[in-house]
2 protein chains.
Amino acid sequence: MSDIKTFGIIGTGVIGAGWAARALARGLDVVAWDPAPDAEEKLRAAVANAWPALIKMGLHEGASQDRLRFAASLEEMASSADFIQESAPERLDLKKSIHARLDAAARPGVMIASSTSGLLPTDFQADCATPERVLVGHPFNPVYLLPLVEVMAGEKTDPKYVELASDFYKSIGMYPLHVRNEIEGFLSDRLQEALWRENLHLVNDGIATTGELDDAIVYGPGLRWAFMGVNKTFHLAGGDAGMRHMLEQFGPALKLPWTKLEAPELTDQLIDNMVEGTKAQTEGTSVKELERMRDDCLIAIMNALKTFKEGAGRLLHEDEVNQINSVQSFTRFEKGMDIPAAPMELYRCSVRPDWVDYNSHMTEAAYLIAFGWATDALFRFIGDDEAYRASGLSFYTVETHINYFQECSTGDPLKFTTQLLGLDEKRMHFFHAMYHAQTGELLATTEQMLLHVDMNAAKACPIREDVYEALQAVMAAHAGLDVPEQVGRQMAIKKK
Amino acid sequence: MSDIKTFGIIGTGVIGAGWAARALARGLDVVAWDPAPDAEEKLRAAVANAWPALIKMGLHEGASQDRLRFAASLEEMASSADFIQESAPERLDLKKSIHARLDAAARPGVMIASSTSGLLPTDFQADCATPERVLVGHPFNPVYLLPLVEVMAGEKTDPKYVELASDFYKSIGMYPLHVRNEIEGFLSDRLQEALWRENLHLVNDGIATTGELDDAIVYGPGLRWAFMGVNKTFHLAGGDAGMRHMLEQFGPALKLPWTKLEAPELTDQLIDNMVEGTKAQTEGTSVKELERMRDDCLIAIMNALKTFKEGAGRLLHEDEVNQINSVQSFTRFEKGMDIPAAPMELYRCSVRPDWVDYNSHMTEAAYLIAFGWATDALFRFIGDDEAYRASGLSFYTVETHINYFQECSTGDPLKFTTQLLGLDEKRMHFFHAMYHAQTGELLATTEQMLLHVDMNAAKACPIREDVYEALQAVMAAHAGLDVPEQVGRQMAIKKK
């Protein structure tokens, strides 16, 4: 654990406030200063705005927004901090004078890191009496979520502080990337800036809108970049021969006007460096394994985005809706409908990738998720649809009993049968069986009791008449069916 | 639905094979041709390699690898296809001659799309008799997963084919992006290429390795790019004033050497276009809402990557392991340990963002996931650890009974108690109760029966002696405890 307890912040805009939120969520004290008149109010609002996300990430012991203190001056902040993070506007003259003042006020050994996106620490050190503890720690917005922080030394920085700062950043959940050569824009921003400037050119030349350019990223290469940089990506695009083949194939394209940025000469030395670099990155992992990992990550990301219907996730969502509508045979009860005296087959699906564990076996909880979709199909059949729930009515599960019989794996086709066991004005009691849709093998069963609730009043209430009629029709059809043997089972290990 | 039944492919490398896999998974027939002597074998292997991922995404009706046919000639392929996708090497002379032959052999109205990464369709049309159906459809690797396809017309392309091709691509789950102006590298590759060439410069100048440069993306900006392009990202970075403020703040940086690509002059017209563009992209959504969406997506993506321990997901995984180790009080049974005659408190956690529905309420299945972690804590206590499972031994849940009492929401702190109800050589029967850790309110309970199995033999077997001893000690301590009222409950709605 780090012995840094109080994190000092100067500059409380989007970046400074992001630092404050991250440090507070990790259980640190934060002392902040900014010369703007309404800075404290805005900072507290920004931290409060970030807090729900931080709760979702999991707060650490002692985490509290109350541990944020606004200092009366730069000097008071600097003298009470164990680590100082400067996030002032990107003006060299301003940053230089701030660093001189911070350095004068900070206790010996207290590191002073700048959030600058591209200016050089050597310049910040110019007027500092103890420049050896001054360096760059460049984060990414939102700072409270994104782990990357580029750590870069100036000419006078003592290397031990690069290590100490990296340790501190790690202790607050970040990924410190040591930028070994002092260069404007560092690594990440140089790459981003190239993308950004090409983007500006395309808008400037009237080729595309900002929205089209964003689409060109989020539906394609951007999905890969969430876990695989351009080098590893291109290594994979080269097939079994990797980066070397890729450079042979696309090397000539470097001469083409495919961006306004001219490429360096593709010398033998550069080719070797690219090949050696990606070889080191992927050491011990075959292209096949990397492809599998890439595919798994892409599928997981697209599924994650499905919840929020963003980008590629929106497509998956729409696709799923279309699929459900096309696969399910009869979807809604109508008066006079003939319901056979047999468990109803309302739902089919395949075992999804997010339902399995690292062995590709469906998890215990995923059986319940799949049963939940079968329940959803029953809801649709009886007329408990989105409009029903929007009106404040819904069924809540109060009790569930599951019997597990067989494992299943990703992609296995499943079919479900549903038998109504009991019904009154406010409750239904049913039984789902899950089968392998091809072999017919019984995989699992569940028995559930659901209570009908008025969600606004948060209490039980009668089922709406038309929905109740549909349930009564099912109940009438199922009244003579045998009760499955799993219903009402009691677990016990007899004492010997 | 599209009336395109047979998808024709020429060029069966990484991209062509990716197209084949996507089309087959969507239930189309695919006919392919490539002049390489072992092309068919390699193509079938590549499709087979992609298939597990496609199963995870969900195969469509009729999907089969058997519906791939390898044609004897380019002409045979072209004459039997309803849509032709050309994925030949990036050599203009080669592509021109291929397109002339495809055009001569294809039936009237059959579209011919090129997968080229940056060459121009007008050039491909030069020797075609019916150039109006020739265009670009540029996909991204892996084509069978990534949805983006850039659609671009040449000078002689009939605009109706841009629409028809887009409709077809949509029908196979893709996101067609119409590139409205014919330009080398299109949109996505121009952006990617700028990033790539800056990357090559940084390696060429000895500034960084390929691995460092990849890290500079995947732990930071790359996580955003999976769902938010550079323009929307920068709009958000500008705070409430959005893109205009962003351009004011970072406009001067466009003059700085933060990449080798020179920026265009930031004229009033360009500023207006950028501001208007992002305004159109975010119409009707406040910066606060966008920030919430961005945070939710980032959290979901990082959690998705946690499963595969890749990039930011690896950090989350490590963080979680550290947290579990620091929070849980006593972790492993030792001989002679005094076990109190009370349910054991072995596990605490908070309700995670991936455990809740769109209303932020914990889902039914998530209660079971949380109970699973409590079971995991019991496993650790009795010595059923990773080494135990690696030796082929494990407990399988065969029966579960859950009672739900109260809803809970993201971030709610949970604590669990565990009571052993029964034990023999091959089985254990226990009861978990889940409480709100602050209010003490009972949220849910579960009763479970677990069977001890030899995973290699796939059958029940005795619990290993040391683990059994630990369980016996717990059983002895719990023998006199009252049986919770939820144990052995039977569900029923009495008939009136």
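Numbers restart at 1 for each chain; the letters A, B, ... are given by sequence-line order, proteins then strands.
Of the listed residues (A:Pro264, A:Gly222, A:Gly118, A:Pro257), the greatest number of heavy-atom pairs within a distance under 4.5 Å of chain B belongs to A:Pro264. The candidate with the highest count of non-hydrogen atom pairs below 4.5 Å against chain B, out of A:Glu447, A:Lys260, A:Met228, A:Glu291, is A:Glu447. Of the residues considered (A:Pro89, A:Gly372, A:Ala208, A:Ala365), A:Ala365 shows the highest number of contacts with chain B, using heavy-atom pairs under 4.5 Å. Of all the listed residues (A:Thr209, A:Asp296, A:Asp189), the one sharing the greatest number of non-hydrogen pairs under 4.5 Å with chain B is A:Asp296. Ranked by heavy-atom pairs under 4.5 Å with chain A, the first of B:Glu198, B:His178, B:Arg190 is B:Arg190. Chain A forms the most heavy-atom pairs under 4.5 Å with one residue out of B:Ile217, B:Leu145, B:Thr410, and that residue is B:Leu145. Interface remark: of the candidates B:Ile493, B:Val218, B:Leu148, B:Ile493 forms the most heavy-atom pairs closer than 4.5 Å to chain A. The greatest number of non-hydrogen atom pairs below 4.5 Å with chain A, out of B:Leu119, B:Ile369, B:Leu200, is found for B:Leu200. The candidate with the highest count of non-hydrogen atom pairs below 4.5 Å against chain B, out of A:Ala216, A:Gly185, A:Ala300, A:Ala312, is A:Ala216. Between chain B and the options A:Gln249, A:Gln486, A:Lys288, A:Met428, the largest number of non-hydrogen pairs under 4.5 Å is found for A:Lys288. Here B:Ile207 is the residue among B:Thr278, B:Thr307, B:Ile207 with the most heavy-atom pairs under 4.5 Å with chain A.
Proximity to chain B is limited to the side chain of A:Phe250, based on heavy atoms less than 4.5 angstrom apart. Residue A:Phe308 touches chain B through its side chain alone, counting heavy-atom pairs closer than 4.5 Å. Contact annotation for A:Thr363: neither backbone nor side-chain heavy atoms come within less than 4.5 Å of a heavy atom of chain B. Neither the backbone nor the side chain of A:Ala280 has a heavy atom closer than 4.5 Å to any heavy atom of chain B. The part of B:Glu310 that comes within reach of chain A is its side chain, from C-beta onward, which places non-hydrogen atoms under 4.5 angstrom from that chain. Contact of A:Leu195 with chain B is made through backbone and side chain together, with heavy-atom distances under 4.5 Å. With a 4.5 angstrom heavy-atom cutoff, A:Arg91 does not touch chain B via any of its atoms. For A:Leu202, the part lying near chain B is the side chain, with the backbone staying farther off; criterion is any non-hydrogen pair under 4.5 Å. Contact of A:Phe234 with chain B is made through the side chain alone, with heavy-atom distances under 4.5 Å. For chain A, no part of B:Glu276 is nearby; none of its heavy atoms comes within less than 4.5 Å. Of the atoms belonging to A:Val14, it is side-chain heavy atoms, and not backbone ones, that fall under 4.5 Å from chain B. Using a 4.5 Å cut-off between heavy atoms, A:Ala253 touches chain B through its backbone atoms (N, CA, C, O) alone. If you measure heavy-atom distances from B:Tyr367 to chain A, you find no contacts under 4.5 Å at all. When heavy atoms are compared at a cutoff of 4.5 Å, A:Met174 approaches chain B solely by way of its backbone atoms N, CA, C and O. The contact between B:Met293 and chain A is made entirely by side chain atoms (from C-beta outward), counting heavy-atom distances below 4.5 Å. The part of B:Pro52 that comes within reach of chain A is its side chain, from C-beta onward, which places non-hydrogen atoms under 4.5 angstrom from that chain.
In summary, of the residues considered (A:Trp225, A:Phe140, A:Trp196), a ring-ring contact (aromatic ring centres under 6.0 Å, His included) with B:Trp225 occurs for A:Trp225 alone.
For the pair B:Ile55/A:Ser350, no side-chain contact is recorded, criterion being any heavy-atom separation below 4.5 Å from C-beta on. Using a 4.5 Å heavy-atom threshold, the side chains of A:Thr259 and B:Leu191 count as separate. Contact check for B:Leu213 versus A:Gln281: no side-chain heavy atoms found under the 4.5 Å cut-off. For the pair B:Leu256/A:Glu90, no side-chain contact is recorded, criterion being any heavy-atom separation below 4.5 Å from C-beta on. Within the 4.5 Å cutoff, no side-chain heavy atoms of B:Thr210 are placed close to those of A:Lys232.
At least one donor-acceptor pair under 3.5 Å links the side chain of A:Asp214 to the backbone N or O of B:Asn231. B:Arg197 places a side-chain N or O within donor-acceptor distance of the main-chain N or O of A:Leu261, the cut-off being under 3.5 Å. A:Arg224 places a side-chain N or O within 3.5 Å of a backbone atom of B:Asn141 that can act as its donor or acceptor partner. Counting only distance, with no hydrogens or angles, the side chain of B:His201 and the backbone of A:Glu262 share a donor-acceptor pair below 3.5 Å.
Counting only N and O atoms by type, the side chains of B:Glu364 and A:Thr400 include no donor and acceptor under 3.5 Å apart. A side-chain donor-acceptor contact under 3.5 Å links A:Glu399 and B:His401. Side-chain contact check for B:Asn204 and A:Asn273: no donor-acceptor pair (N or O, by modelled atom type) lies under 3.5 Å.
Put simply, CZ on A:Arg489 and CD on B:Gln490 are 11.5 Å apart, with the number rounded to the nearest 0.5 Å.
Ring planes of A:Tyr175 and B:Tyr219: parallel class, angle under 30° (limits at 30 and 60°).
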Practice prompt. Determine, step by step, whether A:Glu193 and B:Leu254 satisfy the side chain to side chain contact (heavy atoms under 4.5 Å, CB included) criterion, reporting the C-alpha distance in whole Å, the side-chain angles of both residues, the deciding distance to 0.1 Å, and the verdict.
Written response: CA-CA 8 Å; A:Glu193 187 77 12; B:Leu254 292 175; 3.5 Å; yes

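Salt bridge absent: B:Asp295 and A:Lys56 never bring a charged side-chain N and a carboxylate O closer than 4.0 Å.
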